[in-house]
Enquirer: 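Before we start, here is the structure in question, set down as C-alpha cells.
This chain uses plain numbering: 1 for the first residue, then up along the sequence.
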Amino acid sequence: MLTDEDIKRIRKEFPILSREVSGRELDYLDNTATSQTPLSVVDEIKRIYTTSKANVHRGVHTLSQEMTALQEESREKVRKYINAESIEEVIFTRGTTEAINLVASSFGSRFKRGDEVILTVMEHHANIVPWQLLRDRTGIVLRVVDIDDKGVLNQEQYRSLFNERTVMASFCHVSNVLGTVNPVKEMISFAHSHNVPVLVDGAQAAPHLRLDMKELDCDFYTFSAHKMYGPTGIGVLYGKKKWLEKMPPYQGGGEMIAKVTFEHTTFAELPFKFEAGTPDFVGIAAFSKAIDFIDSIGIENIEAHEHALMEYTQERMMKIPEMRIFGTAPHKSAVISFLVGRSHPYDLGLLLDKQGVEVRTGHHCAMPLMDRLDIPGTVRASYAVYNTFEEADTFLKALTRAAAILE
C-alpha cells in the first residue's frame, strides 16, 4: 500500500494539481475521461521536439535513426506491459476508438449477412457505433448482453447468445460508467470454446489493472495512452498475429507498403501494415515514459490505493439523503457514478466545479446504458493514483453542500 509520503512524491510530478479552480485548490476527479500527465512525459516531449524530431523509418540520417529507435523502444515497452508474444502484435493507433474501428472494418470485412456479433449494454459508444456501421454495410446482427441491478453482466444470457451464426464477441474489460470489472478471462474462454474470436475494450483497465495477453488469450485488446498518464492521440491495438496477418489494411498510404506500382501494391510486414502515414512518433516515444511512471509505482499499488479511495468515498456518500450510486458490482474499479434525488447531473457538476471539484457529467458516451438505467445521465467521480483521502473529503463536503442547495 502506498504511504502518504509516496503520494506526496507522486503529486510533485503533476504541477497542474496545485492550480486553483474557482478560488479553490483543484480537486481533479475526472480521471476516467483522461488522466493528468507527469513531468517525465512532458519533459520527454519537450526534449524530442528540441533535440531529436525527425520522421521515423524513412531516413538514414542520425535524427531519423534516433527517432525510429525511440518509437520502437516504446513499442517493446508496450509489449512488455501487456505481456504480448511479439512486437508484431502491437499496433499504434490514435486511440481506443480508432483501434476498435480498425478491427470492425478490417477483421469485420470477412463477416456476411446474418452473422452475429455479441456486445453488452454497458459498452462505450466506441464499441457500439463501429459495429453498427459494419451492420449497415454488411447486414450482420448485433446481440446485446444485459446487466443486473448491481451492474453485473448476465453471464447466463451471454452464454445463451452463442450459436452457429456467432462470429465475434466484443466487450469492455471495465465499464467507464459503472466501474464493473468484467470476468473477461472466463468470457473469452467460453467464446473460444465456440470458436468465436474476442475483442476487449481495455481503455478503463489498462491504467488500473495488470494486463497479460497470454493469460487472457483474447484475440484483440485496445487501450489509450491519455488515460495512462501519457500523451493524447496515442492508442494501442493488440492483435494475435494469426489474425493480423490475414486482415486487410485499414488505411493505405506511406509506411504500410512494401512496393507500389499503379498495377499492384504489396504491403509491409506487421506491425507496419496497419500504421499508414506519419505517426505521432513524439507521442509514441513519450508514452514510454508514462509506462515507466506506472511501473515505478507498481500497478498493484495503484489499484489498491484507488480502490481504498473508492470504498472510503462510496461509504460516506451513502449518508447523503436520496443518494443513488449506479454500479455496485463486487469487483469494481475506482469509478463512482451517481445522482442525488431529482437533481440534474449538470447542476450538480456545476456546483461542484464552483467548489474546485472537477467531475464528469452526462451520458459518458454510454447512452444505451443510460436508457437501460432509465436516467438521462449521471455525475461521475473517478480516482487516479495521485488522488488523496483529503481530496475525497473535499469532494464529500462539496457534494453535501451542493445536494443541500438543490434539495
Side-chain angles (χ1 to χ4, degrees), residues 1-11 13-14 17 27-36 38 81-82 122 147-148 150-153 172-186 200-212 215-216 223-224 227-229 290-291 293-320 323-338 357-360 364 378-396 399:
M1 189 71 177
L2 297 171
T3 66
D4 290 343
E5 289 302 313
D6 291 330
I7 301 302
K8 287 179 182 178
R9 174 180 52 80
I10 290 168
R11 287 177 68 86
E13 277 281 301
F14 299 87
L17 298 179
D27 191 351
Y28 184 78
L29 302 181
D30 193 20
N31 296 286
T32 295
T34 193
S35 61
Q36 296 302 328
Y81 186 80
I82 65 175
M122 65 171 64
I147 55 173
D148 66 16
K150 292 184 177 182
V152 176
L153 283 176
C172 59
H173 196 157
V174 176
S175 167
N176 74 308
V177 176
L178 306 170
T180 304
V181 180
N182 290 317
V184 293
K185 183 178 179 181
E186 292 76 10
V200 179
D201 172 359
Q204 300 301 333
H208 311 289
L209 306 175
R210 179 164 297 285
L211 301 180
D212 189 329
E215 182 181 352
L216 286 181
F223 53 97
S224 301
K227 299 180 189 294
M228 301 173 63
Y229 312 101
I291 294 175
F293 170 78
I294 293 173
D295 287 343
S296 71
I297 301 168
I299 194 68
E300 290 87 358
N301 291 328
I302 292 173
E303 181 183 7
H305 176 69
E306 293 170 346
H307 187 76
L309 283 169
M310 178 193 67
E311 288 197 324
Y312 177 89
T313 305
Q314 282 193 159
E315 179 183 343
R316 286 156 181 77
M317 284 175 67
M318 292 310 299
K319 297 177 182 178
I320 299 174
M323 173 61 64
R324 289 186 290 164
I325 294 178
F326 300 91
T328 56
H331 194 191
K332 178 177 172 177
S333 189
V335 179
I336 308 172
S337 289
F338 64 94
V357 179
E358 309 298 273
V359 295
R360 181 66 47 163
H364 314 298
T378 73
V379 183
R380 184 183 70 194
S382 51
Y383 287 116
V385 69
Y386 42 65
N387 289 124
T388 67
F389 286 92
E390 289 77 16
E391 287 181 319
D393 287 334
T394 298
F395 165 59
L396 290 162
L399 178 58

Enquirer: Under 6.0 Å from the ring centre and within 45 degrees of the ring axis: does the NZ or CZ of Arg316 meet both conditions for the six-membered ring of Tyr312?
Expert: yes
Enquirer: Does some side-chain heavy atom of Leu399 sit less than 4.5 Å from a side-chain heavy atom of Val379?
Expert: no
Enquirer: Are the aromatic rings of Phe223 and Tyr81 close, with centres under 6.0 Å apart?
Expert: no
Enquirer: Could you tell me which non-hydrogen atom of Cys172 sits nearest to which non-hydrogen atom of Val184, and how far apart they are?
Expert: O-CG1, 4.0 Å
Enquirer: Ring-plane angle category for Tyr28 and Tyr386, please: parallel below 30°, perpendicular beyond 60°, tilted otherwise.
Expert: tilted
Enquirer: Counting C-beta onward and ignoring hydrogens, is there a side-chain heavy-atom pair between Met317 and Leu396 closer than 4.5 Å?
Expert: yes
Enquirer: If the condition is side chain to side chain donor-acceptor pair (under 3.5 Å), which residues does Asp6 pass it with, not counting sequence neighbours?
Expert: Thr3
Enquirer: Please enumerate all residues that pass side-chain contact (heavy atoms from CB on, under 4.5 Å) together with Thr388, with sequence neighbours excluded.
Expert: Ile7, Arg11, Glu390, Glu391
Enquirer: Sequence neighbours left out, what pairs pass side-chain hydrogen bond (donor to acceptor under 3.5 Å, both in side chains) with at least one residue falling in residues 174-183?
Expert: none
Enquirer: Sequence neighbours left out, what passes side chain to side chain donor-acceptor pair (under 3.5 Å) with Glu306? Give chain and number order.
Expert: His208
Enquirer: Please enumerate all residues that pass side chain to side chain donor-acceptor pair (under 3.5 Å) together with Ser333, with sequence neighbours excluded.
Expert: none
Enquirer: Sequence neighbours left out, what passes salt bridge (charged side-chain N to carboxylate O under 4.0 Å, His left out) with Arg210? Give chain and number order.
Expert: Glu300
